[in-house]
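We number each residue from 1, following the sequence as shown.
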Amino acid sequence: MKNVYEECPSFEGENYLIRKLDKNDLNDLLAIYSDKNAVPFFNSDNCHGDDFYYATKERVQQAIDFWEDSYANGYFVRWSVVDKKKNAVVGTIEAFHREAEDYFNNTGLIRLDLRSDYEKRDCIVEVMQLIEKDFFDLFYCDKLATKGFPSSAERIEALKQLHYAKSDEFLVGSYDKYLDYWEKCKK
């Protein structure tokens with residue numbers, strides 16, 4: 001498998017295309033990150049207080065610049081989730097290999113941010129299935145972990161359908177501890 005930071009793969013399914021985030025996604029990203037109904041389902045754990053509510057193009061552009069810089073430095077990948085029928089970006093996925101001195105060491109962390117009208121079980125299942133089959137190899141990890149928000153029954157149902165198990169372990173960040181992670185181990 002190639003280094004994800006040298007050649008970023010795309011993944012395509014029946015309804016969605018997952019491809020590396022692009023500066024041309026600005027307007028669609030504004031629709032996602034200014035969606036007040038979606039913000040509660042953005043994983044901002046260990047993000048130094050950023051809640052990812054971005055109400056202006058300028059703020060979204062700053063985020064894009066940061067995400068591109070982070071990719072160039074090998075910190076994480078940020079993919080865009082494109083609804084193929086509408087030819088619109090409806091979400092993003094941040095992914096990285098996590099080294100830590102806690103339970104979530106050697107874990108591929110997946111942060112899925114979706115516009116609120118896409119925070120639906122079927123969408124989450126298809127998107128997660130598209131990326132998770134190559135994820136262990138792309139990020140050299142033993143398990144995957146993603147946030148399962150108790151207030152999103154749709155996300156919880158999707159994670160159960162995908163055979164993720166709720167973890168009782170804390171993800172230990174720089175300044176805090178976080179719960180509500182769901183995990184899937186490599187077979």
S.K.: Partners of Asn73 by side chain to side chain donor-acceptor pair (under 3.5 Å), sequence neighbours excluded?
M.R.: Asp69
S.K.: For the aromatic rings, using the six-membered ring if either is Trp, is the centroid distance between Phe11 and Tyr16 under 6.0 Å?
M.R.: no
S.K.: Which residues pass the side chain to side chain donor-acceptor pair (under 3.5 Å) test with Lys85, not counting sequence neighbours?
M.R.: Asn15
S.K.: As an exercise, state the distance from CG of Leu109 to OG1 of Thr146, rounded to the nearest 0.5 Å.
M.R.: 7.0 Å
S.K.: Which pairs count as salt bridge (charged side-chain N to carboxylate O under 4.0 Å, His left out) when at least one residue sits in residues 8-22, sequence neighbours excluded?
M.R.: Glu12-Lys84, Arg19-Asp25
S.K.: Going from CG on Asn105 to SG on Cys141, what distance comes out if it is rounded to the nearest 0.5 angstrom?
M.R.: 11.0 Å
S.K.: Please set out all donor-acceptor pairs under 3.5 angstrom arising from side-chain atoms of residues 174-186, sequence neighbours excluded.
M.R.:
residue, atom, partner, partner atom, Å
Tyr178, OH, Asn46, N, 3.0
Tyr181, OH, Asn43, ND2, 3.1
Tyr181, OH, Asp45, OD2, 2.7
Glu183, OE1, Tyr103, OH, 2.8
Glu183, OE2, Tyr103, OH, 2.9
Lys184, NZ, Glu132, OE2, 2.7
Lys184, NZ, Leu162, O, 2.6

S.K.: Got a sec, which residues hit side chain to side chain donor-acceptor pair (under 3.5 Å) with Ser116, two or more places apart in sequence or on another chain?
M.R.: Asp35
S.K.: Go through Leu29 and Leu21 one step at a time and tell me if the side chain to side chain contact (heavy atoms under 4.5 Å, CB included) criterion holds.
M.R.: CA-CA 10 Å; Leu29 292 173; Leu21 183 129; 3.7 Å; yes
S.K.: Side chain to side chain donor-acceptor pair (under 3.5 Å) with Ser152: which residues, sequence neighbours excluded?
M.R.: Glu119
S.K.: Test: ring pair (Phe, Tyr, Trp, His ring centres under 6.0 Å). Region: residues 118-138. Which pairs qualify, not counting sequence neighbours?
M.R.: Phe135-Phe139
S.K.: What pairs of residues pass the salt bridge (charged side-chain N to carboxylate O under 4.0 Å, His left out) test when at least one of them lies in residues 100-115, not counting sequence neighbours?
M.R.: Arg78-Asp113, Glu94-Arg111, Arg98-Asp102, Arg115-Asp117
S.K.: Test side chain to side chain contact (heavy atoms under 4.5 Å, CB included) on Ile124 and Gln161 and set out the steps.
M.R.: CA-CA 10 Å; Ile124 295 165; Gln161 182 177 333; over 6 Å; no
S.K.: Using a 4.5 Å cut-off between side-chain heavy atoms of Ile, Leu, Val, Met, Phe, Trp and Tyr, which other residues end up in the same hydrophobic cluster as Phe41?
M.R.: Phe149
S.K.: Do the side-chain N and O atoms of Lys143 and Asn106 include a donor-acceptor pair separated by under 3.5 angstrom?
M.R.: no
S.K.: List the residues meeting ring pair (Phe, Tyr, Trp, His ring centres under 6.0 Å) with Tyr5, not counting sequence neighbours, and say none if there are none.
M.R.: Tyr71
S.K.: List for me each residue that meets side chain to side chain contact (heavy atoms under 4.5 Å, CB included) alongside Lys120, sequence neighbours excluded, and say none if there are none.
M.R.: Glu154
S.K.: Please tabulate, for side-chain N and O atoms in residues 58-68, each donor-acceptor pair with protein atoms closer than 3.5 Å (sequence neighbours left out).
M.R.:
residue, atom, partner, partner atom, Å
Arg59, NH2, Asp50, OD2, 3.4
Gln61, NE2, Asp65, OD1, 2.9

S.K.: Given 3.5 Å as the limit, does a donor-acceptor pair link the side chain of Trp79 with the main chain of Pro9, or not?
M.R.: yes
S.K.: Might you work through the side chain to side chain contact (heavy atoms under 4.5 Å, CB included) test for Ser167 and Phe104, ending with a clear yes or no?
M.R.: CA-CA 10 Å; Ser167 175; Phe104 293 100; 3.7 Å; yes
